[in-house]
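What follows is a single structure, written as structure tokens, with notes after it.
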Amino acid sequence: MASVTLKNIAKVYPGGVQAVSDFNLKIADKEFIILVGPSGCGKSTTLRMIAGLEEITGGELYIGDTLVNKIEAKDRDIAMVFQSYALYPHMNVFENMAFGLKLRKVPKDEIRKRVEAAAKRLDIYSLLDRKPKELSGGQRQRVALGRAIVRDPKVFLLDEPLSNLDAKLRTQMRTEISKLHKTLGTTFIYVTHDQTEAMTMGDRIVVMKDGFIQQVDTPRNLYERPVNQFVAGFMGSPQMNFIEAVLGKSGNAYTLAFGRCTLPVPAHKAQGAQLESFVGKNVVLGIRPEDVHDEEDFIQKAGGAHAVCGVEVTELMGAETYLYLNCEGAALTARVSPDTPAKAGDQRQIAFDLEKMHIFDKATEAAILN
């Protein structure tokens with residue numbers, strides 16, 4: 001098992017395209033770390049540099065205490081699971097899982113022992129004689145995982161391994177991979193663009209944008225204390241609401257005003273938040289959909305933290321309803337009870353849970369208050 005350390009890692013492609021810039025990260029031994037971000041942010045390129053499939057332009061990469069910049073992929077003691085599964089169509093499941101071990105001249109008895117043990121763990125033992133074309137997507141994914149497991153590598157690299165599966169199977173395989181990590185006790189580095197996968201699987205999450213790390217933290221801290229507007233909007237579904245407002249002050253109390261609505265900033269949240277320099281300026285209020293309520297009892301307790309909104313669309317999601325609102329000219333999403341009487345065309349009073357509010361600098365998008 002091994003830690004992975006990336007120091008000032010950079011990747012520049014021919015023509016000067018900068019894919020990854022100044023990437024610094026220490027991944028602990030046995031940690032499950034997720035690289036997440038939109039397409040083109042550099043997360044897969046970073047994973048491929050760790051794997052040895054992309055040359056590192058600058059910086060140092062260590063697996064354990066060994067500098068591996070110039071070490072070939074086959075000698076790095078890592079195993080990679082690809083989005084496309086990359087199974088050999090002419091080989092059966094056993095042969096696919098055993099292929100890497102055969103190349104390393106592992107004895108036949110040891111190969112059979114490892115392959116059968118991994119197949120039983122992944123519930124594909126009965127499929128060992130089948131060809132990939134005879135398997136479902138989920139079964140192919142398990143074979144790809146099994147091929148990595150038999151290698152017993154120091155580090156597992158997984159590049160969007162669930163993106164080709166349907167929603168139900170993705171949920172099931174998320175659980176399976178999390179259990180597999182705990183069973184194997186190996187370092188996992190996992191790339192995805194799906195923030196739900198990131199939130200539910202990782203010990204820590206690395207949020208990337210345009211080749212740069214935006215924030216590295218636990219799922220909960222990323223959700224509750226985003227460092228900037230990009231992280232706040234990327235983590236969470238539906239995404240956080242953003243409303244442009246003017247920060248005001250009356251005595252020692254701060255307020256946020258937009259349209260005819262003025263919201264008080266809770267005093268204890270304002271303490272130490274360095275709001276004074278933003279008074280009179282435009283800022284961005286961030287509030288998550290689950291913190292926008294239309295229940296009568298919540299509205300009555302909310303004091304001045306309410307507004308009247310026009311309901312544009314409602315979506316019943318089963319256990320909850322999404323309301324898409326026009327609030328003083330700003331688009332707002334509320335995540336409310338499925339029993340809400342709200343329907344399109346209504347004027348509906350809503351209240352904000354201001355204990356959960358965020359404020360961002362409009363110019364830099366950096367968080368001012370969480």
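- No more than 12 heavy atoms of other residues, nucleotides or ligands sit less than 6.0 Å from atom NZ of Lys356.
- Scanning both residues, Cys327 and Leu332, for their nearest heavy atoms gives CB-CD2, 3.9 Å.
- Using a cut-off of 4.0 Å between Lys/Arg side-chain N and Asp/Glu carboxylate O, Lys343 and Asp346 are scored as salt-bridged.
- In the model, His90 has no side-chain atom that pairs as donor or acceptor with a side-chain atom of Glu95 under 3.5 Å.
- In terms of modelled atom types and a separation under 3.5 Å, the side chain of Gln349 and the main chain of Val308 share no donor-acceptor contact.
- The cluster map of Ile, Leu, Val, Met, Phe, Trp and Tyr, joined by side-chain heavy atoms under 4.5 Å apart, puts Leu275 and Leu263 in the same cluster.
- The local environment of CG in Asp297 is crowded, with over 12 non-hydrogen atoms from other residues, nucleotides or ligands closer than 6.0 Å.
- Both cation-pi conditions hold for Arg288 and Tyr223: the charged atom is under 6.0 angstrom from the six-membered ring centre and inside a 45 degree cone around its axis.
- Tyr125 and Leu184 fall within a single hydrophobic cluster, where Ile, Leu, Val, Met, Phe, Trp and Tyr are joined by side-chain heavy atoms under 4.5 Å apart, directly or via other members.
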### Task
Show the numbers, then the answer: is there a salt bridge (charged side-chain N to carboxylate O under 4.0 Å, His left out) between Glu224 and Arg220?
CA-CA 6 Å; Glu224 295 181 352; Arg220 182 166 185 171; 3.2 Å; yes
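- Other residues, nucleotides and ligands place no more than 12 heavy atoms under 6.0 Å from the CG atom of Asp65.
- Smallest separation of non-hydrogen atoms from Val4 and Val155: CG2-CG2, 3.8 Å.
- Atom CG of Leu285 and atom CD1 of Ile287 lie 6.0 Å apart (nearest 0.5 Å).
- Side-chain N or O atoms of Arg114 include one that pairs as donor or acceptor with a backbone N or O of Val150 at under 3.5 Å.
- There is a side-chain donor-acceptor pair under 3.5 Å between Asn228 and Gln214.
- The cationic atom of Lys209 (NZ for Lys, CZ for Arg) does not lie both less than 6.0 Å from the six-membered ring centre of Phe212 and within 45° of the ring axis.
- Alongside Met317, the hydrophobic cluster contains Val313, Tyr322, Tyr324 (criterion: ILVMFWY side chains under 4.5 Å).
- Val106 and Ile111 make their closest contact through O-CD1, 3.3 Å (heavy atoms, listed as atom of the first residue, atom of the second, distance).
- Aromatic ring pairs are classed by plane angle as parallel below 30°, tilted from 30° to 60° and perpendicular above 60°; the pair His293 and Phe298 is parallel.
- Across all their heavy atoms, Ala334 and Leu325 have their closest contact at CB-CD1, 4.1 Å.
- Defined by atom type and a distance below 3.5 Å, a donor-acceptor pair is missing between the side-chain atoms of Ser3 and Asp29.
- Distance alone, capped at 3.5 Å, is enough to place a donor-acceptor pair between the Thr57 side chain and the Val12 backbone.
- For the pair Arg76 and Glu72, the salt-bridge criterion is not met [side-chain N within less than 4.0 Å of a carboxylate O].
- With rounding to the nearest 0.5 angstrom, the CZ atom of Arg260 is 11.0 Å from the CZ atom of Phe258.
- The main-chain N or O of Glu160 is never found under 3.5 Å from a side-chain atom of Thr192 such that the two would form a donor-acceptor pair.
- Gln347 approaches Gly310 most closely through the heavy-atom pair NE2-CA, 3.6 Å.
- Just one residue in the list Ile50, Ile189, Leu53, Leu158 forms a side chain to side chain contact (heavy atoms under 4.5 Å, CB included) with Met80, and that residue is Leu53.
- Glu276 and Lys249 are joined by a salt bridge, as a carboxylate oxygen and a charged side-chain nitrogen come within less than 4.0 angstrom of each other.
- With values rounded to the nearest 0.5 angstrom, Phe23 atom CZ is found 11.0 Å from Thr45 atom OG1.
- Looking only at distances, a side-chain donor or acceptor of Thr364 sits under 3.5 Å from a matching main-chain atom of Ala366.
- Ile299 and Val311 end up in different hydrophobic clusters when Ile, Leu, Val, Met, Phe, Trp and Tyr side chains are linked at under 4.5 Å.
- Rounded to the nearest 0.5 angstrom, Lys43 NZ and Ile213 CD1 are separated by 14.0 Å.
- Residues Tyr13 and Glu54 have side chains that bring a donor and an acceptor to within less than 3.5 angstrom of each other.
- Distance check, rounded to the nearest 0.5 Å: CZ of Phe360 to CZ of Phe230 gives 12.5 Å.
- A pairwise comparison of heavy atoms in Val292 and Thr333 identifies CG2-O, 4.1 Å as the closest pair.
- Around CG of Asp22, the count of heavy atoms belonging to other residues, nucleotides or ligands within 6.0 Å exceeds 12.
- With rounding to the nearest 0.5 Å, the separation of CG in Leu369 from CZ in Arg225 is 8.5 Å.
- No option in Val283, Leu247, Val284 other than Val284 meets the side chain to side chain contact (heavy atoms under 4.5 Å, CB included) test with Lys362.
- With hydrogens and angles disregarded, no donor-acceptor distance shorter than 3.5 Å links the side chain of Arg204 to the backbone of Asp217.
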